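All remarks here apply to the structure that follows.
Atoms within each ligand, like the ligands themselves, are counted from 1 in listed order. As the structure is a prediction and not an experimental result, all values here were calculated from the model. Just so you know, these numbers use all the heavy atoms, side chains as well, and skip hydrogens, waters and symmetry mates.
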Amino acid sequence: MCGIIGIIGNAPVTPLLVDALKRLEYRGYDSAGVATLINGHIDRRRAEGKLVNLEARLRAEPLSGTIGIGHTRWATHGKPSERNAHPIATDRVAIVHNGIIENFQELKDELAAEGRRFESDTDTEAVAQLLTSYLERQMTPEAAMGKAMGRLRGAFALVAMFSGRHDILMGARRGSSLAVGHGDGEMYVGTDALALAPFTSRVTYLEDDDWVVLSSSGCTVYQGETKVERPEKKSGLSGALIGKGNHQHFMLKEIYEQPAVVGDTLQYYLDPATRTVRTPAMPFDWTDVSRLTMTGCGTAFYACMVAKYWFEKLARLPVEIEVASEFRYREPPLPEGGVCIAVSQSGETIDTLEAMRYAKSQKQILLSVTNVPESAIARFSHAVLPTLAGPEIGVASTKAFTTQLVVLLSAAIAAGRARGTLSRAEEERLALAMIELPARINETLNMEGDYRRIAENTLAAARDVLYLGRGSSFPVALEGALKLKELSYIHAEGYAGGEMKHGPIALIDDAVPVVVVAPSDSIFDKIASNFEQVRARGGKLVLLSDARGVAKLGAKAETSIAVPDIDPVVAPILYTVAVQLLAYYTALAKGTDIDQPRNLAKSVTVE
Ligand code: G6P
């Protein structure tokens, strides 16, 4: 969701704030703003729309100051407008905020009764006015923040700057992430280590309910009224990591990074010499597990869906999967001693975190598969299975998903070995197939021209597109449809091939492209029947299969691509790259904003 940054130093901060906001823009891009203190007074510049608009405003009306805060927004309360853009300020305090203040209405009513006037439609203003009310009662900023923390409900991270106080900035978090960066005579506080990366690699991650006071030379962290120690860590992120390189978009760069990051993740989970999977030590024994629950949101949920096939097939383990936002409220009974796996690239998706809280209340052992080892979800888990995808900036997830699949397949193989359902020979065969993945992904990327042609000639002009798959290709079809709709705004749906005749077949005519994800596996003949059903109704078939599949069905398709041959168990990982390329090039042909699609944000920290 929103990105926040605060800097206290001795040199002009506005260019640094804008630089940090550029790194945070993937989190929200409907408005942005910065505020600094000038001779003790809060001054701010805000602009609706993308960060470039704020930059233009700052060129016209520069903002000096050596202490400041900045924000890039994904609107929750109040539509995107300059009035609702952060920093939200009174004459005493300016606030930038990520998350939701759930009791904002109660606070607003209370504060309005004191005679306070609200100028925005945001929940954030309740915090600014609450602090102002405390400050006007002669509380120090520290006392005001400590007291406010006791009043605020919800999941949030915020940074506050106080008029007349060039010497301090304050931050606070509950649920949403916030990190402090240590510089040389300059201190930073921001959403994550990525935002702080150009300034410093010395980072302190705040815990839930922490609030922090920063000066230009250090910081003090509190929980309630008690001072607490939080370690300073070295962040591995360098500023260079988040450039686009020679690619036109972050998404394309991240698609192209897949051979490397899948390779890195494999190296962590596989011993190529012995062809053995090696997962980190688990706080349970797979033989004691009676049921696995898996949850996540968006693309991460589709990773759970693919993994369900793997755990059930390879480890004969019953698996329940559900999107986190439904799972948490359904309150399903979970067996004692069960394991719950949460999948989340960012590690901060609130629905996923809350689903884990529910699973914990049901005495589940919590595992997380995440790309951010310092994230809230990672820290909430009993054990973490990291993906080694590196920072993902494109809003539509690509390399995070394929590395999640590598991790989950490794875990399913480890579970199968431990439970005696997977022979040594099978493990070796699967390990070998996984080791081949980086090369096969490269071959797929080398065929980008073919995907581009299909995108331009068949998909870009369509109003609706269907994706079909069976077995573990079904979630790949869902992922392909999700990618296409979020990037190109073309309506797309994924269906299990066998379900098509129960409804979606009514949509098929010669204007509807149907992308069929069909590696030659044990159910290829079944999807071939679905293929014929589409063909008989004049649908435009796009076949994604291997050379054998294309030889069998290619002549009947409008167009087909031979994806490199790969073991069917591993195929979802490779076919994902194929559907990513189709979505990317369709969006490119349509001229949509690929890295920042409308209305979306990358890290969803609100319900
Ligand atoms: C957002 C992103 C998706 C992502 C989902 C879950 O909707 O746009 O790309 O799959 O959140 O995010 P997570 O960080 O939990 O994987």
message = Is it the case that the side chains of T387 and N371 hold a donor-acceptor pair, with the cut-off being a distance below 3.5 Å and no angle test?
response = yes
request  = Tell me, with the steps shown, if V577 and L445 meet side-chain contact (heavy atoms from CB on, under 4.5 Å).
outcome  = CA-CA 8 Å; V577 179; L445 296 173; 3.9 Å; yes
ask   = Does the N or O separation between Q404 and ligand 1 drop below 3.5 Å for any pair?
value = no
query = Considering only heavy atoms of T299, which atoms of ligand 1 have at least one such atom less than 4.0 Å away?
reply = 10 (O)
query = Just checking, is any N or O donor in the side chain of S381 or S368 under 3.5 Å from an acceptor N or O on the other one?
reply = yes
inquiry  = Checking the N or O distance criterion of under 3.5 Å, is ligand 1 in contact with V395?
reply    = yes
ask   = Against heavy atoms of S397, which atoms of ligand 1 measure under 4.0 Å?
value = 9 (O)
ask   = Is T352 close to ligand 1, meaning an N/O of one under 3.5 Å from an N/O of the other?
value = no
key: ligand 1 N/O within reach of T349 N/O, cut-off under 3.5 Å   = yes
ask   = Looking at A300, which atoms of ligand 1 are within less than 4.0 Å of one of its heavy atoms?
value = 10 (O), 16 (O)
ask   = Should I100 and D123 count as side-chain neighbours, where that means a heavy-atom distance under 4.5 Å?
value = yes
message = Tell me which one of E448, E456, R452 satisfies side chain to side chain donor-acceptor pair (under 3.5 Å) with Y585.
response = E448
message = I'd like to check which ligand 1 atoms, numbered from 1 as shown, lie under 4.0 Å from a non-hydrogen atom of S344.
response = 13 (P), 14 (O), 15 (O), 16 (O)
inquiry  = Quick one, M434 and L270 - any side-chain contact, counting heavy atoms below 4.5 Å?
reply    = yes
Any S375 side-chain heavy atom under 4.5 Å of Y205 side chain = no
request  = Give the numbers and elements of all ligand 1 atoms closer than 4.0 Å to a heavy atom of S346.
outcome  = 13 (P), 14 (O), 15 (O)
